[in-house]
Amino acid sequence: MFLELSFGGNMLELLIFLIPIYIANSSPVVLGGGIALDLGKKFFDGKRIFGKGKTLRGFFGGILAGTLAGGIVSFIYPLRFFADPQTQFIAAFALSLGTLCGDAFGSFLKRRMGIESGKQFMPDTFIFLLVSLAFVFPFALPGLFEPFNVLFFIILTVILHPLTNALANRAGLKSVPW
Ligand code: CTP
Ligand code: MG
């Protein structure tokens, strides 16, 4: 009974921790558009740096949305992974910035590999999560990075990312189902 409760409680905390990451990652689909993050510029290989799928509005809108969401969460649900709610708020910014940087880095890799914008690429499902976790490292207590937690984050994200993209596609928000 006790084990069950603490396990369930832990899972809830892990899900709450993921809120800024998931909001930052999904909101650019609705917030994005306009000027490209790479300003249309090409890399040395003659291909776009990030491509047309990464926009300035999506980048900064995603960071703002994730930070706001995580900021609200820090007031109503202080997580044991952070020293205090203020640090948790700063961590929400680090997580959101990491998510959008990871997302752009994924696109950078795709363009270098000659994969067009919007085409399927398996690492799209988790690169943003890993970079986000790296960015939050200086602000989190060591308990966050317990193997169980990290595994939970990765498995859940690899499952949820394609699922939510398929839903966004059905809802008419995204042109492709991945
Ligand atoms: N988006 C954006 N700005 C970002 C990230 C995403 O405007 N920084 C918007 C774009 O409209 C993009 C959509 O969200 O098409 C879906 O994002 P994503 O799947 O990450 O981009 P892709 O279009 O698949 O491009 P890429 O192949 O570079 O990942
Ligand atoms: Mg995509």
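Both ligands and their constituent atoms are indexed starting at 1 by order of listing.
Residue Asp124 has no nitrogen or oxygen atom sitting less than 3.5 Å from a nitrogen or oxygen atom of ligand 1, judged on distance alone. Distances between N or O atoms of Lys119 and those of ligand 1 include no value under 3.5 Å. At under 3.5 Å, a nitrogen or oxygen of Gly53, whether backbone or side chain, sits near a nitrogen or oxygen of ligand 1.
Ion pairing between a basic and an acidic side chain is recognised when a charged N comes within 4.0 Å of a carboxylate O; Asp124 and Lys110 show such pairing. No salt bridge links Lys54 with Asp38; every basic N to acidic carboxylate O contact stays at or beyond 4.0 Å.
Assignment of Arg57 to the shell around ligand 1 is not supported, since no heavy atom sits closer than 4.0 Å. By the 4.0 Å heavy-atom criterion, Arg111 is counted among the residues contacting ligand 1. In this structure, Ser117 has a heavy atom closer than 4.0 Å to ligand 1.
Interface atoms of ligand 1 facing Lys110, defined by a heavy-atom separation under 4.0 Å, are 26 (P), 27 (O), 29 (O). The ligand atoms of ligand 1 that sit less than 4.0 angstrom from a heavy atom of Gly33 are 7 (O).
When each of Thr99, Leu18, Asn25 is checked for a side-chain contact (heavy atoms from CB on, under 4.5 Å) with Ser132, only Thr99 meets the rule.
Contact annotation: for Asp103 versus ligand 1, heavy atoms closer than 4.0 Å belong to the side chain alone.
Thr125 places no side-chain N or O within 3.5 Å of a backbone atom of Val158 that could act as its donor or acceptor partner.
Enclosure of atom CZ in Phe145 by more than 12 non-hydrogen atoms of other residues, nucleotides or ligands within 6.0 angstrom is indicated. A 6.0 Å sphere centred on CZ of Phe126 holds more than 12 heavy atoms belonging to other residues, nucleotides or ligands. Residue Ile35 places its CD1 atom among 12 or fewer non-hydrogen atoms of other residues, nucleotides or ligands, all under 6.0 Å distant.
Which of Ser27, Pro28, Gly32 comes nearest to atom 9 (C) of ligand 1 through a heavy atom is settled by distance: it is Pro28. Considering each of Lys174, His161, Lys54, the one bringing a non-hydrogen atom nearest atom 19 (O) of ligand 1 is Lys174.
The hydrophobic clustering, which links ILVMFWY residues whose side-chain heavy atoms are closer than 4.5 Å, places Phe135 and Leu37 together.
For atom 25 (O) of ligand 1, the nearest protein heavy atom (residue, atom name, distance) is Gly118 N, 3.4 Å. With hydrogens left out, the protein atom closest to atom 14 (O) of ligand 1 is Val29 CA, 3.6 Å, a heavy atom. Summary of contacts: the protein heavy atom closest to atom 3 (N) of ligand 1 is Thr55 N, 3.0 Å.
Between His161 and Phe128, the angle of the ring planes lies from 30° to 60°, which puts this pair in the tilted group.
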